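For reference, the structure is listed below as structure tokens.
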Amino acid sequence: MADLAARPRRLRRTPGLRDLVREHALRPGQLIHPLFILAEDGLVREIGSLAGHAQRSVDRLDDEAATIESLGLRTVLLFGLPARKDASGSAAWDPAGPVPRAIDRLRRASPGLTIIADVCLCEYTTHGHCGIPSSRGAVDNDATLELLARAAVAYADAGADVVAPSAMMDGQVGAIRGALDAAGHGDVAILSYSAKYASAYYGPFREAAGSAPATGDRRGYQMDPANAREALREAALDVREGADMLMVKPAGGYLDVLRQMRDAFDMPIAAYQVSGEFAMIRAAAERGWLDERAAALESLTGIRRAGADLIITYFAKAAAGWLRDA
Ligand code: PB1
């Protein structure tokens with residue numbers, strides 16, 4: 001045998017040694033499960049592009065909530081699918097809308113769940129943009145702030161623990177913080193989508209939520225995938241405006257950004273493994289090209305290793321089951 005002082009393979013020799021020195025682990029409690037909430041009653045509609053996920057009516061949430069909790073998941077992220085849309089996205093702040101009603105139902109069915117409500121207009125607008133159009137056709141940043149704040153207050157009024165502004169409007173965190181505090185919701189936290197990129201990986205979500213922009217794209221407000229320094233600037237602004245948690249989205253293609261944000265900020269950082277990231281692994285597995293469990297857990301471990309405290313993922317239920325059975 002060669003006389004080597006260092007043999008890193010000594011600590012890979014057995015499963016026990018590998019477990020002993022493993023540097024990062026996933027916990028179900030760190031995983032956040034997205035839910036799509038229908039305004040209409042009595043429906044569960046499977047989402048073809050997001051296998052295993054469905055659009056659910058409020059009155060069809062109890063069993064899903066029980067399953068989520070039985071798997072050791074503790075947090076859900078709600079997206080509303082209104083019965084009607086308009087140019088201002090007014091269903092977003094309707095107290096009888098899908099998200100406030102879902103918050104109320106989940107609060108009663110599963111009081112132990114942490115409920116995060118996404119705050120954006122794209123699911124609620126006829127044009128599909130995350131804000132309202134200006135006279136010049138771009139999204140009117142400052143006019144949108146007041147509407148986002150109105151929606152956030154509606155979700156806080158319904159009992160949300162956290163609101164998550166995903167519209168990528170400048171000043172959205174400050175506007176929402178101010179509105180929540182003025183409405184007596186100083187204890188409702190803000191998870192800001194700080195570094196949200198104009199990504200090509202959102203397609204399955206847009207199909208699930210009917211939220212694709214009817215014209216143009218989101219490059220006038222979401223970040224350029226080529227930019228990393230800018231993400232730190234966005235995060236610093238969100239911290240200054242009152243964000244309680246930060247986020248990088250998507251995750252897999254942005255682990256460098258996640259690591260830089262982790263190293264720069266001490267607060268909780270979430271990463272969003274988006275619909276396209278999920279669909280890629282799921283589709284390859286369906287074709288027998290990848291082992292879904294191994295590939296999904298490897299992708300989530302990489303996101304955790306890069307610095308995410310919380311991971312929003314469409315694999316949350318599956319991963320919780322795999323981790324339990326590991
Ligand atoms: O899983 C996903 O693809 C998330 C998509 C994300 C939800 N917050 C948005 C992406 C987009 O359509 O631009 C919706 C924007 N508010």
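Quick caveat: nothing in here was measured; it's all calculated off a predicted structure. Both counts, for ligands and for their atoms, begin at 1 and track the order of listing.
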Do D238 and S194 have a side chain donor and acceptor closer than 3.5 Å?
yes
Heavy-atom count around E23 CD within 6.0 Å, excluding the residue itself: above 12?
no
Mode of S166 contact toward ligand 1 - side chain, backbone, both, neither (heavy atoms, under 4.0 Å)
both
Please confirm whether M168 approaches ligand 1 to less than 4.0 Å, judged on its heavy atoms.
no
Kindly indicate, with the supporting measurements, whether the criterion side chain to side chain donor-acceptor pair (under 3.5 Å) is fulfilled by Q273 and S299.
CA-CA 9 Å; Q273 184 180 54; S299 68; 2.9 Å; yes
Can you tell me which residue and heavy atom of the protein come closest to atom 6 (C) of ligand 1, and the distance to 0.1 Å?
K249 NZ, 2.4 Å
Are side-chain N/O atoms of D86 and S90 paired as donor and acceptor at under 3.5 Å?
yes
Contact atoms of ligand 1, heavy-atom distance to C120 under 4.0 Å:
16 (N)
Is D325 atom CG crowded by more than 12 heavy atoms from other residues, nucleotides or ligands, each under 6.0 Å away?
yes
D59 vs R101, test: salt bridge (charged side-chain N to carboxylate O under 4.0 Å, His left out). Steps then yes/no.
CA-CA 9 Å; D59 62 5; R101 289 173 48 229; over 6 Å; no
Would Q222 count as a contact of ligand 1 if the rule is a heavy atom under 4.0 Å away?
yes
Within the 4.0 Å heavy-atom shell around Y193, which atoms of ligand 1 are there?
8 (N)
Test item, K196 contacting ligand 1 (heavy atom, 4.0 angstrom):
yes
Find out if a path of hydrophobic residues (ILVMFWY) with successive side-chain heavy-atom gaps under 4.5 Å connects V44 to V58.
no
Of all the heavy atoms in Y314, does at least one lie under 4.0 Å from an atom in ligand 1?
yes
Any N/O of R206 closer than 3.5 Å to an N/O of ligand 1?
yes
Below 4.0 Å, non-hydrogen atoms only: which portion of S275 touches ligand 1? Side chain, backbone, both or neither.
both
Say whether L237 and V239 are linked into one hydrophobic cluster, either directly or through other cluster members, by side-chain heavy-atom distances under 4.5 angstrom.
no
Numbered atoms of ligand 1 (with element) below 4.0 Å of C122, judged on heavy atoms:
14 (C), 15 (C), 16 (N)
Atom 13 (O) of ligand 1: nearest protein contact (heavy atom, Å):
R218 NE, 2.6 Å
Atoms of ligand 1 under 4.0 Å from any heavy atom of Y272, numbered from 1 in the order shown, are 1 (O), 4 (C)
Rounded to the nearest 0.5 Å, the NE2 atom of H33 sits from the CD1 atom of I311 at a distance of 15.5 Å
